[in-house]
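Only one structure is covered here, and it is reproduced in the block below.
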There are 2 protein chains.
Amino acid sequence: MAEPLYRQIAQDLRRKIESGDLAPGARLPNEVEFGEEYDVSRNTIRDAIKWLTIRGLVETRPGQGTFVVGRIEPIVTTLSDDRDPEAGMAGGEGAAAFAEIEERLRQQKEHQRRHAGEEAESGDAVAGAWPEAKPSATIPTVEVKGAPEYVAERLRINTDDEVVVRHQQFYIGRTPWSLQTTFYPMDLIERGATDLLRARNIAEGTVKYLAGRLNLTQCGSRLRILVRAPNENEARFFCLPDDGRVSVFSLVRTGYEERAGDSPYPFRVTFTVLPADRNQFVINQGIVPDELAAPARDQ
Amino acid sequence: MAEPLYRQIAQDLRRKIESGDLAPGARLPNEVEFGEEYDVSRNTIRDAIKWLTIRGLVETRPGQGTFVVGRIEPIVTTLSDDRDPEAGMAGGEGAAAFAEIEERLRQQKEHQRRHAGEEAESGDAVAGAWPEAKPSATIPTVEVKGAPEYVAERLRINTDDEVVVRHQQFYIGRTPWSLQTTFYPMDLIERGATDLLRARNIAEGTVKYLAGRLNLTQCGSRLRILVRAPNENEARFFCLPDDGRVSVFSLVRTGYEERAGDSPYPFRVTFTVLPADRNQFVINQGIVPDELAAPARDQ
DNA sequence: GCAAATTTGTTCGTATGTATT
DNA sequence: CAATACATACGAACAAATTTG
């Protein structure tokens, strides 16, 4: 037995899916029938299906069946752009990213209009990925608490020194898009940035607010990008399958202010979490074409 | 039955692992004993273990047992830095990234020396993640073939127009680190960049080579970052578990040259693939602290 | 180097629960 | 409510990988 039965079956199905023989949205035979077709037991078929599920090729729905999933049209966000340093601030962060999202959605819609009919009768898993989608954000929740270790480390304060925590959820249409949590040292409040404690949007953006209020200018920022499994909260918010297949991007941006006679000092750290299966990021350096970067495909 | 049995068991184990009750490297009881302990069948225990496996908390080894996996110390790569535009070229690409890797390894080793003994008797899964590790690269393989669609799109050429394909594998010590494939339009060869066809390293880097040889300067580049499941090749090269748990980063960098009276025109596209469970990226904007960015943790 | 013991991997069968139509 | 389809759980047997004696 070179390869286990369930994997032979899975590979066979994978081939059929990738060749388009099984179109996105198509329903597979039910597990019993399917087992008879391949002349194996139901459990073996289930193992094969599980293998495909983990890889995101099919999706099972209790009471309905197993379906081939379509490719998700990714959302592209620009993290940094030499030509427009402000754009970087958008970096998947806060309302500042909305302008880009809106522009992209407009273009996507246009693209779809131009290519209407090309994709023929694809299942609804593919069609109109972002119908009538406007970006929106929840009212921020505000909390004061001791800094967790991973925050204290970034802000150069002690663990359990107090910090202000502002948390927001972002949607595109009714689809959850990102979770964002920013930590500010209490220090900033004492210096007069009292609006940070109020549970309402700071229209101009917190960075600009701090600039106007405290004369605090962000001289630079450092963004870390990592990928990990979602925690329970995230899985629930993003409606991720609980088989742990989809991981999330975690963007950690630390903002620095200039201090006289000192090296740049951190004054905020923002954690942004987005599902890794439907987001892409772009970094522009130097002179690049004007149009927004299109989603990339490889392989 | 609010929650299935196998998940209750998995959650219980997860708690024990995350609280450190079960240390990294620790071996779990075998499946039969374990089943008796929880008073469930072997299959149910296996379901629980599978749940943990998919999330990367434990690892099963046939003939040996199930083990708690330790946290992997991530490799951090700087993708772009305002203060040093050259650093961006390193961006996980080619030999240029070696300097940073080496500096980081040196610092990590020092850090380990300073904190020696702190971690006590942790399993060998954790200790010395990168022992005696020097970055290295294979001799590039060179190929001429028709451009695949996803390349033609980026280089603004026709599908099946010929391109030069240069491919390299990178290691840190004996650990596979990244796979890299760069596509150049045949056009460049005709203009005189014949070294692109030779299967040997271009010491100065191809971008500099093209600058010297063709007076072609890269005026800018656009980097796309996405995450996806590894293909068969990648899984084999990186020794990824075949349960599809670990996904890979795919970095797609398009390099642009200035053309008189025209917008920037693409002259190369590089695909770099790295495992997502042991790599992080950093983007520096403006003025940030001098030291290399430390790996981030969140949650 | 080989054989035995241990441990996980695969496959079958069967029964019952839960979600959807 | 009934039918359909996937989800969970149990039990059993043999295969394959690894370590140990």
Side-chain angles (χ1 to χ4, degrees), chain A residues 1-13 22 25-69 123-125 235-236 239-245, chain B residues 1-13 22 25-54 56-69 123-125 235 239-245:
Chain A
M1 190 196 304
E3 201 163 13
L5 247 180
Y6 79 93
R7 276 237 284 273
Q8 291 178 35
I9 296 172
Q11 292 290 1
D12 184 45
L13 290 173
L22 280 169
R27 194 185 137 224
L28 270 47
N30 75 55
E31 293 174 348
V32 180
E33 277 179 46
F34 217 0
E36 284 163 7
E37 201 170 299
Y38 278 99
D39 200 30
V40 296
S41 80
R42 190 182 155 216
N43 279 340
T44 302
I45 280 290
R46 278 178 64 75
D47 281 345
I49 289 176
K50 179 147 230 159
W51 194 90
L52 294 168
T53 303
I54 288 178
R55 284 162 183 72
L57 295 171
V58 303
E59 176 186 20
T60 62
R61 298 201 277 268
Q64 297 187 55
T66 303
F67 302 83
V68 179
V69 308
D124 52 359
R236 195 169 40 249
C239 306
L240 302 180
D242 68 58
D243 56 16
R245 171 172 58 83
Chain B
M1 192 194 304
E3 199 163 16
L5 245 181
Y6 78 94
R7 275 238 284 273
Q8 291 178 38
I9 296 171
Q11 291 289 2
D12 185 44
L13 290 173
L22 280 170
R27 196 187 133 222
L28 270 48
N30 75 55
E31 292 172 348
V32 180
E33 277 179 46
F34 219 1
E36 286 164 5
E37 203 170 296
Y38 279 99
D39 200 31
V40 297
S41 78
R42 187 181 160 217
N43 279 339
T44 303
I45 279 291
R46 278 178 65 76
D47 280 346
I49 289 176
K50 180 147 229 158
W51 194 90
L52 294 168
T53 302
I54 288 176
L57 294 171
V58 303
E59 175 185 20
T60 62
R61 298 202 277 268
Q64 296 186 55
T66 303
F67 302 83
V68 179
V69 308
D124 50 2
C239 307
L240 301 181
D242 67 64
D243 57 16
R245 169 172 59 84

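Letters A, B, ... are given to chains in the order of the sequence lines, protein chains preceding strands, and every chain is numbered from 1.
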Please check the phosphate of C:dT10 (OP1 and OP2 only) for any side-chain N or O of A:T44 closer than 4.0 Å.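 Answer no for this pair, as no side-chain N or O of A:T44 is under 4.0 Å from OP1 or OP2.
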Polar atoms only, N or O, under 3.5 Å: list the protein pairs with nucleotides 2-5 of chain D and their distances.
{"from": "D:dA5", "atom 1": "OP2", "to": "A:N30", "atom 2": "ND2", "distance (Å)": "3.2"}

Nearest-neighbour nucleotide for the [X] side chain, [options] considered:
X: B:Y6; options: C:dT11, D:dT8, D:dC6; result: D:dT8
X: A:S41; options: C:dG13, C:dT8, D:dG11; result: C:dG13
X: B:R42; options: D:dC6, C:dT14, D:dA13; result: D:dA13

Where [X] and [Y] come nearest, the two heavy atoms and their spacing:
X: A:I49; Y: A:V58; answer: O-CG2, 4.0 Å
X: B:E37; Y: B:P29; answer: OE1-CG, 4.1 Å
X: A:G25; Y: A:F67; answer: O-CD2, 3.7 Å

For B:N43 and C:dA15, what is the distance between atoms CG and P respectively, to the nearest whole Å?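 Result: 16 Å.
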Between A:L5 (CG) and C:dG9 (P), how many Å, whole number?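 Result: 17 Å.
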Hey, what do you get for CD (B:E59) to CG (B:L52), rounding to the nearest 0.5 Å?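 Between atom CD of B:E59 and atom CG of B:L52 there are 13.0 Å.
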Have B:Y38 and B:D12 got a donor and an acceptor in their side chains that come within less than 3.5 Å?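 Yes, B:D12 and B:Y38 have a side-chain donor paired with an acceptor closer than 3.5 Å.
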Base, sugar-phosphate, or nothing: which does B:V40 touch, judged by heavy atoms less than 4.0 Å apart?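 Sugar-phosphate, backbone atoms only, no base.
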With sequence neighbours excluded, tell me which residues meet salt bridge (Lys or Arg N to Asp or Glu O under 4.0 Å) with B:E31.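 Scan of B:E31 (salt bridge (Lys or Arg N to Asp or Glu O under 4.0 Å), adjacent residues dropped) gives B:R42, B:R46.
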